[in-house]
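Basis for what follows: all heavy atoms, side chains included, without hydrogens, waters or symmetry-related copies.
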Amino acid sequence: RRNGWEPDVKLMSYALGVVQSLSAIVYNFTAPGEAVLFLTPVYPEFYDVVEAWDRPVLESVMREKDGKWYVDYTDLDEKLKKVKLFIFCSPHNPMGIVWSAEEIKHIGEMCADHGVLMVSDEIHSDLVFWGKKYVNAVTVSPKVAANTITCISGTKTFNLAGLQASTTIFPNEEMKYVFDSFWRKMDIHRNNAFSVVAMEAAFRYGDEWLDQLLRYLEGNFLFIRDYCEKYIPGIKPSVPDATYLVWLDCRALGLGGDGLRDFMIKKAKLGLNDGRAFCPGLEGYMRLNAACP
């Protein structure tokens, strides 16, 4: 890994993708009716993999101030008393937040203190900008490491999602055994040869390409920021510190809910992601994918 983390190979499992791994984790480490928590707005598939197994979703909604989003730790602490599993998006999608070691430690130890298992989705960990330093959740303290499952993949980094390959790292062999048994029972416990070769090639020889990609994406972010400031002041983009996604505050356009979605599709001819998918009831926001020319 580019960030220097070298997990114990004995605790690593290979699966189709991070979303599928999250689904399996929800199924195997919670029971029907036990709630799962995450910070919102967040990647919509978090909702899907929880609700698919009849587990209720609890949200700790982050607070926005001057275009930046912050954790409401009081609310998070109260919600952790009511759940069995916390899914942590790090770096955060769609906000592009690179969490500091202090923030991760605080959140991770809150989970441990409440007896809540933490799953850290770190799929965007190689896509970090502006000299920021990404921190793996399991490196912040032994207490957090003993209570955290980590999900990683090169699919976002190298645009290989169609090959379906990811890695899940467990804090102990017992949890890994439960996870592996789930896939063996469905006879989909092995990766295809193409994905293995592609991932190995990407991580062994892809540094030059990735370095150029990061600089290119930084240029795209600045272009979006400057263009909106000059030509579309009613849209305020949040320049991310990670991921290739830009959160657009469109509230000043005065188009709520369906009106904003219809405007983007029918007038602007843009297929953006509706902010309501990332947090039900959150109107006036869109997510833009900047990983394109």
For E51, does the CD atom have more than 12 heavy-atom neighbours from other residues, nucleotides or ligands under 6.0 Å away? yes
Side-chain donor-acceptor contact under 3.5 Å, Q20 with S23: no
May I ask you to check whether F170 and F179 place their ring centers less than 6.0 Å from one another? yes
side-chain contact (heavy atoms from CB on, under 4.5 Å) partners of K10, counting only residues at least two apart: D8, E173
How far apart are the C-alpha atoms of D211 and W209, what are their side-chain angles, what is the distance that settles it, and do they pass the side chain to side chain contact (heavy atoms under 4.5 Å, CB included) test? CA-CA 6 Å; D211 288 339; W209 181 88; over 6 Å; no
Short side-chain to backbone donor-acceptor contact, R55 and T30, under 3.5 Å: yes
Can you tell me if N220 uses its side chain to pair, donor with acceptor, with the backbone of A290 under 3.5 Å? yes
Begin from the C-alpha positions of E34 and K82 and carry the test salt bridge (Lys or Arg N to Asp or Glu O under 4.0 Å) through to its verdict. CA-CA 8 Å; E34 291 181 338; K82 305 173 183 178; over 6 Å; no
Using the rule given for salt bridge (Lys or Arg N to Asp or Glu O under 4.0 Å), can you reason through E102 versus K105, listing the C-alpha separation, both sets of side-chain angles and the distance that settles it, and then say yes or no? CA-CA 5 Å; E102 292 75 17; K105 183 178 180 181; over 6 Å; no
When rounded to the nearest 0.5 angstrom, what is the spacing between CZ in F38 and CG in L76? 13.0 Å
Between CD on residue E283 and CZ on residue R261, distance to nearest 0.5 Å: 11.0 Å
Do you know which of D75, T40, V83, L80 makes side-chain contact (heavy atoms from CB on, under 4.5 Å) with S60? D75
Would you say W130 ends up clustered with L245 if hydrophobic residues are merged whenever their side chains have heavy atoms under 4.5 Å apart, either directly or through other cluster members? yes
Inspect the surroundings of CZ in R63 and state if more than 12 heavy atoms from other residues, nucleotides or ligands are less than 6.0 Å away. yes
Mind checking side-chain contact (heavy atoms from CB on, under 4.5 Å) for A101 and listing every partner two or more places apart, or none if nothing turns up? V135, V140
Determine the sole option in T168, L160, I123 for which the side-chain contact (heavy atoms from CB on, under 4.5 Å) test with S153 is passed. I123
For K79, does the NZ atom sit with more than 12 other heavy atoms under 6.0 Å from it, leaving out its own atoms? yes
Shared ILVMFWY cluster between I235 and Y231, side chains joined below 4.5 angstrom? yes
Supply the atom-to-atom distance L253 CG to L260 CG, rounded to the nearest 0.5 angstrom. 6.5 Å
Can you list everything that forms a side chain to side chain donor-acceptor pair (under 3.5 Å) with K68? Sequence neighbours excluded, please. none
Is the ring pair W99/F88 parallel, tilted or perpendicular, if the boundaries are 30 and 60 degrees? tilted
Rounded at 0.5 Å granularity, tell me how far CD in E78 sits from CG in L58. 11.5 Å
Using salt bridge (Lys or Arg N to Asp or Glu O under 4.0 Å), reason through K176 and D180 one step at a time and then give a plain yes or no. CA-CA 6 Å; K176 171 179 161 55; D180 290 345; 2.8 Å; yes
What I'd like to find out is whether the side chain of V42 reaches to under 4.5 Å of the side chain of H92, using heavy atoms alone. yes
Say whether, by atom type as modelled, one donor and one acceptor occur between the side chain of N172 and the main chain of M175 under 3.5 angstrom. yes
Treating Ile, Leu, Val, Met, Phe, Trp and Tyr as nodes and any side-chain heavy-atom pair under 4.5 angstrom as an edge, say whether Y216 and L210 lie in one connected cluster. no
Give every donor-acceptor pair under 3.5 Å between a side-chain atom in residues 181-188 and any protein atom, sequence neighbours left out.
| unit_1 | atom_1 | unit_2 | atom_2 | d |
| --- | --- | --- | --- | --- |
| S181 | OG | Y177 | O | 2.8 |
| S181 | OG | R184 | NH2 | 3.0 |

Is it true that atom CG of N159 has more than 12 heavy atoms of other residues, nucleotides or ligands lying nearer than 6.0 Å? no
Rounded to the nearest 0.5 Å, how far does OG of S166 lie from CE of M199? 8.0 Å
Could you please spell out the steps behind the side chain to side chain contact (heavy atoms under 4.5 Å, CB included) verdict for V119 and L85? CA-CA 8 Å; V119 185; L85 184 71; 3.5 Å; yes
Okay, side chain of D77, backbone of Y73: is any donor-acceptor separation there less than 3.5 Å? no
Would a line drawn from the ring center of H124 to the ring center of Y244 be shorter than 6.0 Å? yes
Are any of the side-chain heavy atoms of F86 and V36 separated by less than 4.5 Å? no
All side-chain contact (heavy atoms from CB on, under 4.5 Å) counterparts of Y14, not counting sequence neighbours: M12, T167, N191
CG on D258 to CG on D274, rounded to 0.5 Å: 7.5 Å
For residues E64 and Y70, is any side-chain donor paired with an opposing acceptor at under 3.5 Å? no
Taking the side chain from T148 and the backbone from A145, do they hold a donor-acceptor pair closer than 3.5 Å? no
When hydrophobic residues are tied together by side-chain contacts of less than 4.5 Å, even through go-betweens, does V246 share a cluster with I265? no
Does the side chain of Y285 pick up a donor-acceptor pair with the side chain of R251 at under 3.5 Å? yes
Tell me, yes or no, whether the heavy-atom count around K143 atom NZ, taken from other residues, nucleotides or ligands under 6.0 Å, exceeds 12. yes
Contact check, side chains of I97 and P91, non-hydrogen atoms, under 4.5 Å: no
With sequence neighbours excluded, what pairs up with N147 under the side chain to side chain donor-acceptor pair (under 3.5 Å) test? none
Is the F46 ring parallel, tilted or perpendicular to the Y43 ring (thresholds 30°, 60°)? perpendicular
If we count only N and O atoms by modelled type, under 3.5 Å, do the side chains of E59 and Y47 hold a donor and an acceptor together? yes
Do N192 and Q164 pair up side chain to side chain, a donor and an acceptor below 3.5 Å, judged on atom types alone? no
Is F158 linked to L213 within one hydrophobic cluster, defined over Ile, Leu, Val, Met, Phe, Trp and Tyr using a side-chain heavy-atom separation of less than 4.5 Å? yes
